[in-house]
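Here's the structure, in structure tokens; my notes come after.
All residue numbers in this chain count up from 1 along the given sequence.
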Amino acid sequence: MLALFDLDNTLIDRRAALETWARVFVRSRGLPPDAVSAICGQLRARAYPENFARLGGALRLAEAPGDLWQEYVDGIAQSSRCFPGVREGLAALRAEGWTLGVATNGAADIQRAKLSATGLTSLLHGVGISAETGFRKPAGGHFEAAAELCGTKLSADGWMVGDGPETDMGGGRAAGLRTAWVAHGRRWNDGLPAPDLVVQGAAEAIERMRRSV
């Protein structure tokens, strides 16, 4: 059985990693404390190399955007942590014969750096990153590519687990997958079709998926 997972704020705590990195970065440059919120605001939704041209200009930094991006990649990877129970849950699924993959939007170098730093790479059969697949969630082509990278195809008994109502839940449902929404304390938007499962974390989603077989 196939299980695809979003990466940021599903398997790993990207919000905490970004805030940690921003505080370290601000201190290292002697910037005012309120620069932390400005940096997080610029990078919270997504982060690509081009963001650092704008950020460097706004903060009047001397470094080239490419150098700032590499510092960000290295720092975020170092700061990234899995949510509790994630690694153990994925290992249990894999031991039970599940095929596991990541379906994530983002730049390839930083997503792979986070997967490696958190020890997730070895637990996965494949990794689909939008910068490499050529599709961004919720596009169906991204889910198809992620499944193929896992050595399989999308099927009716597969799952998509993620925190994004439109990108993960809407995209996964349209791709023919069952869906588990990682709520993190949020309420589901009643204007959208409900996911198959609403959970507070990926570890809970994994446990309920295991019981559903």
Side-chain angles (χ1 to χ4, degrees), residues 3-29 31 35-52 55 63 65-94 100-133 136-137 142 146 149-150 160-164 167-168 180-186 199-206:
L4 296 176
F5 295 84
D6 174 50
L7 179 60
D8 295 318
N9 300 317
T10 296
L11 296 180
I12 67 169
D13 190 346
R14 181 182 181 272
R15 293 184 186 89
L18 175 58
E19 290 171 4
T20 297
W21 175 81
R23 287 193 295 269
V24 171
F25 182 83
V26 164
R27 287 198 300 269
S28 73
R29 299 305 196 280
L31 297 171
V36 172
S37 60
I39 291 171
C40 290
Q42 175 72 232
L43 303 177
R44 186 171 289 113
R46 63 177 67 177
Y48 286 90
E50 53 266 29
N51 290 102
F52 286 81
L55 192 61
E63 294 97 329
D67 294 335
L68 292 172
W69 169 254
Q70 190 57 55
E71 183 174 349
Y72 173 77
V73 169
D74 295 340
I76 288 291
Q78 184 177 0
S79 300
S80 292
R81 301 289 184 273
C82 290
F83 286 108
V86 161
R87 279 193 295 264
E88 297 84 353
L90 292 176
L93 283 178
R94 184 163 179 141
L100 306 179
V102 157
T104 180
N105 291 336
D109 51 356
I110 191 165
Q111 299 302 67
R112 291 194 179 278
K114 287 183 282 190
L115 287 165
S116 177
T118 53
L120 291 174
T121 304
S122 62
L123 296 172
L124 303 168
H125 293 90
V127 176
I129 302 172
S130 62
E132 296 176 338
T133 67
R136 284 185 61 84
K137 293 181 297 183
H142 185 70
L149 288 164
C150 292
M160 177 64 201
V161 181
D163 69 309
T167 53
D168 298 319
W181 183 53
V182 178
H184 293 309
R186 297 170 294 167
V199 296
Q200 294 308 311
E204 181 186 350
I206 290 170

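Put simply, the side chain of Arg186 gets close to the backbone of Ala183: a donor and an acceptor are under 3.5 Å apart. Of the possible polar contacts, none joining the Ser116 side chain to the Arg112 backbone as a donor-acceptor pair under 3.5 Å is found. Judged by distance alone, with hydrogens and angles left aside, the side-chain atoms of Thr10 form a donor-acceptor pair with the main-chain N or O of Asp163 at under 3.5 Å. The closest donor-acceptor contact from the side chain of Lys137 to the backbone of Ala103 lies under 3.5 Å.
With values rounded to the nearest 0.5 angstrom, Leu123 atom CG is found 8.5 Å from Arg87 atom CZ. Atom-to-atom distance recorded for Ser122:OG and Arg94:CZ is 7.5 Å, nearest 0.5 angstrom. The CD atom of Glu19 sits 10.5 Å away from the OG atom of Ser37 when rounded to the nearest 0.5 Å. A distance of 6.0 Å separates CG in Leu90 from CG in Leu11, rounded to the nearest 0.5 Å. Interatomic distance, Ile110 CD1 to Arg14 CZ, rounded to the nearest 0.5 Å: 7.0 Å.
Within 6.0 Å of the CD atom in Gln78, the count of heavy atoms belonging to other residues, nucleotides or ligands does not exceed 12.
Under the 4.5 Å side-chain criterion, counting only non-hydrogen atoms from C-beta, Leu55 is in contact with Leu43. Between Leu7 and Ile129, the closest side-chain pair of non-hydrogen atoms is not below 4.5 Å. Side chains of Trp69 and Asn51 form no contact here, defined as non-hydrogen atoms less than 4.5 Å apart. You'll find the side chain of Leu120 reaches within 4.5 Å of the side chain of Ile12, heavy atoms only. For the pair Glu132 and Gln111, the minimum side-chain heavy-atom distance is 4.5 Å or more. Between Asp168 and Trp181, the closest side-chain pair of non-hydrogen atoms is not below 4.5 Å.
Residues Cys150 and Leu100 come closest through the heavy atom pair SG-O, 3.6 Å. In plain terms, the two heavy atoms of Asn105 and Tyr48 that are nearest each other are C-OH, 4.4 Å. Residues Arg136 and Gly106 share a closest heavy-atom pair of NH1-N, 4.1 Å. Between Ala22 and Ile39, the shortest heavy-atom distance links the atoms CB-CG2, 4.1 Å. Residues Ala77 and Ala117 come closest through the heavy atom pair O-CB, 3.3 Å. Between Val182 and Gly201, the shortest heavy-atom distance links the atoms CG1-CA, 3.8 Å.
Ring geometry for Tyr72 against Trp21 counts as perpendicular: the plane angle is over 60°, on a 0 to 90° scale with 30° as the lower cut.
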Set out, in order, the CA-CA distance, both residues' side-chain angles and the distance that settles side chain to side chain contact (heavy atoms under 4.5 Å, CB included) for Val127 and Leu149, then state yes or no.
CA-CA 6 Å; Val127 176; Leu149 288 164; over 6 Å; no

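No option in Asp109, Thr104, Asp8, Thr121 other than Asp8 meets the side chain to side chain donor-acceptor pair (under 3.5 Å) test with Lys114.
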